[in-house]
Amino acid sequence: MDDTSLRLDGNALGGEFQEIFAQELTSARVQCGHCGKVEPIGAEHVYMHAPGSVVRCRHCESVLMVIVQGPSGYRLAFHGCTWLDIPHEA
Amino acid sequence: VARAAVLGRLNWRLGEVVEITDETSRVRSIAFHVPEWPGHRPGQHVDVRLTAEDGYQAQRSYSIASPPEDQRLILTVERIPDGEVSPYLVDELIVGDQIEIRGPIGGYFVWEAKMGGPLLLVAGGSGVVPLMAMVRHRAAVSSMVPTRLVYSSRSLDDVIYRDELDRLGGDNDGFEVIHTLTRVQPPDWTGYNRRVDSQMLTEVAFPPSATPAVFICGPTPLVESVAGALTLLGHEPKRVKTERFGPTGG
């Protein structure tokens, strides 16, 4: 089985993000640091079968974010995004 | 309600089972009373957490099947063989039981009547659940938004919400259901009998020129293939929202 069949959407991380940021984040837009495309997090590709979750750009599959939960808390690596645009909640 | 639904930190709440409905041999709907539930939007999901006597916890996400207009929170769950959570929910849970639920979660894979249409929904198996919340919401607010649900099931017995979909589809209010049965068909079946493909979408989906809002939910291979076909037909990718279940679905 290749990774494609394990692919999920940014939606799948909605609960984790809301736990960490106390805010709905699947509608927040993110710019890929590699190809420059902008998408809502909910539209990006997510892989959750490894320890931690990996968010990849739906256009170029570059890693945007890595989220790992350990015994002492979360570690978030956002090294693949240029920016994250979080709207005021409606 | 919508404002309350998106604000604030997620809290685990105890939901009490108030009604259980068998949908198919592998799928049941569970209605909960959740005290101080903040309300939700059609398409959102919740997390469910089970705790064993030894403290071991297992957590899964389930789509909400009920519309915001329903006082109860309804989850429709498919039993995944060897699953950690779904066999308990489908086979063991009884009315009066309490389990931990948090939500609602998500804001991207959401449709409300005020967002307009036309609305194209494509479901594979239990991927119909969040789309049903949209269909029920549409009916609850008497929306006339032209809506088509293309629904792929293995057999007629595997079709979730069959009677309700038949009824809603017969109302002549702009809602249509197009079934396809991929493995077993009744002898008198005149509908589709194959996986959702480009030809089928050309025949039954709104054309790209109608700029429909599209929501696809189901096992990852179905979602990938339908989203790809719609893009090739000319639908703008940003109008095509997907929710993948992973390799097995549910």
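In the text below, chain A, chain B and the rest are named by the order of the sequence lines, each starting its count at 1. Please read these numbers as outputs of a predicted model, since none were measured by experiment.
- The aromatic rings of B:Phe215 and B:Phe109 sit perpendicular, their planes meeting at an angle over 60°, well past the 30° parallel limit.
- Residue B:Glu243 touches chain A through both its backbone and its side chain, counting heavy-atom pairs closer than 4.5 Å.
- Interface remark: of the candidates A:Pro40, A:Gly14, A:Ala43, A:Ala43 forms the most heavy-atom pairs closer than 4.5 Å to chain B.
- Within 6.0 Å of CZ on B:Arg194 lie more than 12 heavy atoms contributed by other residues, nucleotides or ligands.
- With no hydrogens or angles considered, no side-chain donor-acceptor pair links B:Thr182 and B:Ser152 at under 3.5 Å.
- Neither the backbone nor the side chain of A:Leu25 comes within less than 4.5 Å of any heavy atom in chain B.
- The closest side-chain donor-acceptor pair between A:His59 and A:Glu39 falls under 3.5 angstrom.
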